[in-house]
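Lettering of chains follows the sequences in order, A, B, ..., and the numbering in each one begins at 1.
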There are 2 protein chains.
Amino acid sequence: MVSNPDDVTAIVNTGDDAIMHGLHVSPDLDTIIYTLSGEINPETGWGRHSETWQAMTTLRQLEREPGDLAWFNLGDKDIGTHLYRTARLRQGATLSEVAAEIAKGYGVEITILPMSDNKVATMMKLAAGLAGGASEEISFQEYFVKLRHDVEIASVRFDGAETALAAPGVAEAIAEAEVLVLAPSNPVVSLGPPLAIDGIRSAVVERVANGKPTTAISPLIGGQALKGPADRLLVEMGQEASSAGVARWYEGLIDTLVIDEADAGDKALVEACDIACVVTQTVMDTPEIAGSLAQTILDLANR
Amino acid sequence: MVSNPDDVTAIVNTGDDAIMHGLHVSPDLDTIIYTLSGEINPETGWGRHSETWQAMTTLRQLEREPGDLAWFNLGDKDIGTHLYRTARLRQGATLSEVAAEIAKGYGVEITILPMSDNKVATMMKLAAGLAGGASEEISFQEYFVKLRHDVEIASVRFDGAETALAAPGVAEAIAEAEVLVLAPSNPVVSLGPPLAIDGIRSAVVERVANGKPTTAISPLIGGQALKGPADRLLVEMGQEASSAGVARWYEGLIDTLVIDEADAGDKALVEACDIACVVTQTVMDTPEIAGSLAQTILDLANR
């Protein structure tokens with residue numbers, strides 16, 4: 001097992017960053033930092049525990065139509081993080097610098113890197129217009145939070161990804177890691193943004209070509225997402241919601257796919273994509289299961 | 001006495017508005033709205049009562065040097081107001097529109113108008129450099145809150161005032177009011193910003209020329225400010241910290257100056273400026289005294 005936090009680097013999606021009422025919100029960075037620092041709200045999986053909602057209550061009292069503005073929950077303690085981030089970015093700090101400062105402030109010891117210091121915005125093109133009119137393109141948070149991902153998506157694009165640079169240290173971390181793991185998150189909208197940045201994608205492709213262990217953990221359990229729209233989005237993007245669909249989605253970017261025991265029957269289909277397949281428990285209900293999953297991944301480095 | 005809130009319009013200084021960590025803060029608008037709605041914290045005279053400070057606590061934990069960022073107190077409930085204002089301004093609403101919406105949201109019935117929808121920023125030029133170097137120009141909030149107005153000021157300027165327009169309704173309210181009152185606030189930095197806007201100053205000058213009742217209430221009690229730097233700033237601007245100094249400061253802009261009983265001896269000096277002088281209780285310790293002061297002012301319309 002990894003025992004030294006210095007040995008771990010998390011490269012984090014920032015395609016779902018948003019400016020909420022003037023505050024720069026980085027949901028994925030914060031969720032990781034709150035989780036690793038024990039600050040996370042275990043019931044929601046986002047935001048801080050023992051949170052209060054005074055600011056939101058005021059915003060709800062003031063907004064003209066219910067949900068017009070107050071559709072993205074900002075807890076009071078969480079807002080402090082956003083005030084800090086926004087203030088530092090306004091002072092000219094990079095997102096990398098700010099992420100490192102916030103991680104340190106919360107006592108997180110592993111290295112946290114945003115995928116890029118440039119703005120990359122995940123944009124969702126709806127299959128049908130919301131108001132019955134022409135189809136619209138909306139931000140990821142509008143899709144995920146405001147509409148609770150309960151709409152059909154025609155296409156996804158990562159605005160700014162064409163010119164975005166990988167943040168300092170990202171390409172190096174990818175090149176040098178003993179094991180690279182694409183986390184069991186949404187392949188389309190969570191892994192999609194970093195992999196849409198040329199400096200990141202090419203670093204991943206290169207390490208696979210060089211035979212360095214590069215693994216994804218499938219987010220599907222029995223072909224379904226544990227939560228969120230991973231299964232639905234894979235289908236909407238023309239892929240199967242299955243281990244084989246995930247394997248094809250990551251073709252050229254991984255050498256191994258870890259799938260859940262519930263999908264053990266998919267092993268041959270994954271291997272048909274020229275991707276090794278490891279079957280194990282992937283639902284991290286307990287720290288022991290999470291530790292065992294991590295060990296399985298690390299063992300791949302020693303094959 | 002005025003019994004109908006529709007009869008009252010407050011034209012409010014926005015020269016001390018600031019962007020705090022991305023949030024548009026309008027301290028004078030909020031203080032008036034919170035006061036009139038009973039939301040004010042009576043102990044501080046700003047912010048909301050029964051306030052919580054979770055966001056500030058987080059910001060203080062994250063900031064690298066104490067006071068580096070967290071020098072302007074933002075209560076959690078208060079932040080809700082700023083989130084609303086910032087969101088609406090980002091949507092393209094004017095500050096007037098937003099001020100009216102917030103006032104309505106808090107149940108305020110009088111008309112609240114910001115002095116301008118354009119940005120006007122009160123800038124304070126220090127007499128000596130803070131770090132021992134060249135003299136600097138700082139924002140009003142840095143002067144008032146961060147430095148607790150405990151520095152010598154060489155000059156004050158209202159950035160943007162030259163081109164700013166009076167907000168919709170402001171010039172009309174000034175022209176049509178039975179009585180115009182310059183409130184007992186800081187003549188230099190609270191009344192200074194609106195009076196630096198040509199459309200406001202000329203409307204005031206015109207009503208005085210037309211003989212319409214136009215009164216200021218001196219903020220000085222026995223030649224001293226009740227709180228804040230009104231006395232000190234008058235002196236730094238080359239004026240006396242006295243009723244006569246206030247009268248001269250407002251020359252051409254008022255026909256009457258109301259001074260406190262503590263300054264009764266200044267009456268002749270005020271009148272020597274060709275300004276009528278009314279002596280009464282001006283320290284509004286109780287609603288009764290405030291009501292009596294208001295009645296004194298209104299009676300001027302019936303002279």
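- For chain A, the nearby parts of Thr81(B) are the backbone and the side chain; heavy atoms of each come within less than 4.5 Å.
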Using side-chain contact (heavy atoms from CB on, under 4.5 Å), reason through Leu23(B) and Leu83(A) one step at a time and then give a plain yes or no. CA-CA 8 Å; Leu23(B) 298 179; Leu83(A) 290 173; 3.8 Å; yes
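- Contacts of Glu51(B) with chain A are absent, with no heavy-atom separation under 4.5 Å from either backbone or side chain.
- When each of Gln91(B), His82(B), Glu101(B) is checked for heavy-atom pairs under 4.5 Å with chain A, Glu101(B) comes out on top.
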Apply side-chain contact (heavy atoms from CB on, under 4.5 Å) to the pair Tyr84(B) and Leu69(A), showing each step before the final yes or no. CA-CA 8 Å; Tyr84(B) 182 80; Leu69(A) 294 173; 3.5 Å; yes
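- The choice from Arg60(A), Met56(A), Arg88(A), His24(A) that makes the most heavy-atom pairs within less than 4.5 Å of chain B is Arg88(A).
- Contacts with chain B were tallied for Lys104(A), Gln61(A), Arg64(A), Glu63(A); Arg64(A) has the most, counting heavy-atom pairs under 4.5 Å.
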I would like to know whether Thr58(A) and Ile79(B) meet side-chain contact (heavy atoms from CB on, under 4.5 Å); could you show each step before the answer? CA-CA 8 Å; Thr58(A) 297; Ile79(B) 284 173; over 6 Å; no
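- Note that the OG1 atom of Thr52(A) and the NZ atom of Lys77(B) stand 11.5 Å from one another [nearest 0.5 Å].
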Verdict with reasoning, Ile19(B) to Arg90(A), per side-chain contact (heavy atoms from CB on, under 4.5 Å): CA-CA 10 Å; Ile19(B) 308 296; Arg90(A) 288 175 60 91; 3.3 Å; yes
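- Around CD of Glu162(A), the count of heavy atoms belonging to other residues, nucleotides or ligands within 6.0 Å exceeds 12.
- Here Asp76(A) contributes atom CG and Leu74(B) contributes atom CG; the two are 12.0 Å apart, rounded to the nearest 0.5 Å.
- In Glu109(A), the CD atom is not crowded: 12 or fewer heavy atoms of neighbouring residues, nucleotides or ligands sit closer than 6.0 Å.
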